[in-house]
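Data first, discussion second: the structure below is written as structure tokens.
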Amino acid sequence: MSSNNSHIYSKIQTLHKSFEHEQLFRSLKNISPTDSPHYIEINGAKLLNACSNNYLGLTHNPEIIQAVQKAVEEYGAGGGASRLVSGNCNLYSSIENTLIDFFELDNSFSSLVFSNGYAGNIGILSALGSFPNTEIFMDKLCHASLIDGALLSGAKIKRYKHNDSTHLEALFAKSHSLNKIIVTDGVFSMDGNLAHLNEIIDLKNKHKAFLVVDDAHGIGVLGEKGKGIIEELNISHKEIDCLIGTFGKAFGLYGAFAVAHNEVIDFFINKARSLIFSTALPPAILSGILTSLEIVKRMNAERSRLRRMSIELRNTLQTRGYKVPEGITPIVPIILGENEKALTMAEKCLQKGVFISAIRPPAVPKNRARLRLTLSSGFEEKEIDPILNCFE
Ligand SMILES: *Cc1c(COP(=O)(O)O)cnc(C)c1O
């Protein structure tokens, strides 16, 4: 303990004791690579990685790796400065234009790359919510980064029951705020289900609200061309005021983006503090993203296979008596309830050679601890078998 004996030390110790008591204490695991992209090594054991968001296996795609390597030679290793100073490497605008093509939009839309989804959401929501007389309506299960961004904005915040548009409408009825913002995940990160976007869009239009959809887990994975929830539900992009995606999941790299009307993107460039006051991404990452965008577009066969595998796995686990919600995404949650149950089950999986991490509060509500199993389109039958062996 430090010699100055600040009270913070005793607060930290008390907190850790209560974490341990509730089986909520977390520690970092050392993950080493193996000779196969689907396997990792923890404490000398080779384990199938069944909890990454690498849905299309692109973290190890040779074309992307080559693009990254080439760009390091050409541009150097680091971003050097904020995008608003000297860090706005030309690859940024290439990606931003490619994104508009990816979503098949006209020139009234632009996109903006952020350093990661967390930073993007903090910047976007703190900017959007900063006008006086603003109220943010968010789904109860929105990702933590959206909640944090909303809190940072200083706007009033209302959380509606998960996917419950009747509750959202009731909250609207009680609201006197001039500016209303609705915020939802597209695919919910811990449950793998989809937002009821059609109902939300009706309410948005009726109440002249601004709609933000964070489709971090949907883009790349859903829809024939990988455009995510909007393509899956056949929704016009014009209905979404701000669509957010990340390059850290299906795209296999790092970074994030927003797509919105030109003036909204200009507003983010001027007001999103996480963009303004932070170093640009390394150019090599940008080069990898550019290649990944081209590849993801053509991965429809992989998307179909992933969807089929995900649905089959859900069915098998349900037949075996596990509590697994219906769904079409590669996020397959096995709801176990108490934290201890989730930890015991995760340990059992480790012993059978499969890494699936236990998800506990605050990532999920109390008594909804789970294993969040995720599939990758590259998994072969021989990689599904050990997963099934864990849940007999
Ligand atoms: C993962 C995630 C983020 C954060 O994205 P990063 O790029 O990992 O920082 C934001 N929103 C949602 C819904 C996510 O699942």
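Remember, it's 1-based here, ligands and their atoms both numbered in the order they're listed. Fair warning: this is a prediction, and the values are worked out from it, not measured in the lab. All heavy atoms count here, side chains included; hydrogens, waters and symmetry mates do not.
Note that the CD1 atom of Ile182 and the CE atom of Met138 stand 11.5 Å from one another [nearest 0.5 Å].
Heavy atoms of Ser145 approach ligand 1 to within less than 4.0 angstrom. Ser189 counts as a contact of ligand 1, since one of its heavy atoms falls under 4.0 Å from the ligand.
For a threshold of 3.5 Å applied to N or O pairs, the pair formed by Ala256 and ligand 1 contains no separation below that value. Note: no N/O pair closer than 3.5 Å links Asp185 and ligand 1 by distance alone.
Counting only heavy atoms of the protein, atom 13 (C) of ligand 1 lies nearest to Asp214 OD2, 3.2 Å. Here the heavy atom of the protein found nearest to atom 6 (P) of ligand 1 is Gly117 N, 3.2 Å. At the shortest separation from atom 1 (C) of ligand 1 among protein heavy atoms lies Lys249 NZ, 1.4 Å.
With a 6.0 Å cutoff to the six-membered ring centre and a 45° limit on the axis angle, Arg26 does not count as a cation-pi contact of Phe19.
Screening Arg159, Lys180, Lys158 for a salt bridge (Lys or Arg N to Asp or Glu O under 4.0 Å) with Glu135, the sole residue that qualifies is Lys158.
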- Message: One pair to check against ring pair (Phe, Tyr, Trp, His ring centres under 6.0 Å): Phe257 and Phe114. What are the steps and the verdict?
- Response: CA-CA 5 Å; Phe257 62 91; Phe114 288 87; 9.6 Å; no
- Check the pair Tyr160, His167 against ring pair (Phe, Tyr, Trp, His ring centres under 6.0 Å), reporting the backbone distance first and the verdict last. CA-CA 6 Å; Tyr160 60 89; His167 188 215; 7.3 Å; no
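Ligand 1 places these atoms under 4.0 Å from at least one heavy atom of Asn116: 7 (O), 9 (O). Taking every non-hydrogen atom of His217 and a distance limit under 4.0 Å, the qualifying atoms of ligand 1 come out as 14 (C), 15 (O). Listed by number with element, the atoms of ligand 1 under 4.0 angstrom from any heavy atom of Thr246 are 7 (O). The distance from ligand 1 to the heavy atoms of Asn121 drops below 4.0 Å at these ligand atoms: 10 (C), 11 (N). Numbered from 1 in the order shown, with element, the atoms of ligand 1 that lie under 4.0 Å from a heavy atom of Tyr118 read 4 (C), 5 (O), 6 (P), 9 (O).
Under the 6.0 Å cut-off for aromatic ring centres, Tyr254 and Phe247 do not qualify, their centroids lying 6.0 Å or more apart.
Listed by chain and number, the hydrophobic cluster partners of Phe188 are Leu141, where partners are ILVMFWY side chains within reach of under 4.5 Å, directly or through others.
Scored by the side-chain contact (heavy atoms from CB on, under 4.5 Å) test, Glu104 finds Lys225, Lys227 as partners (sequence neighbours excluded).
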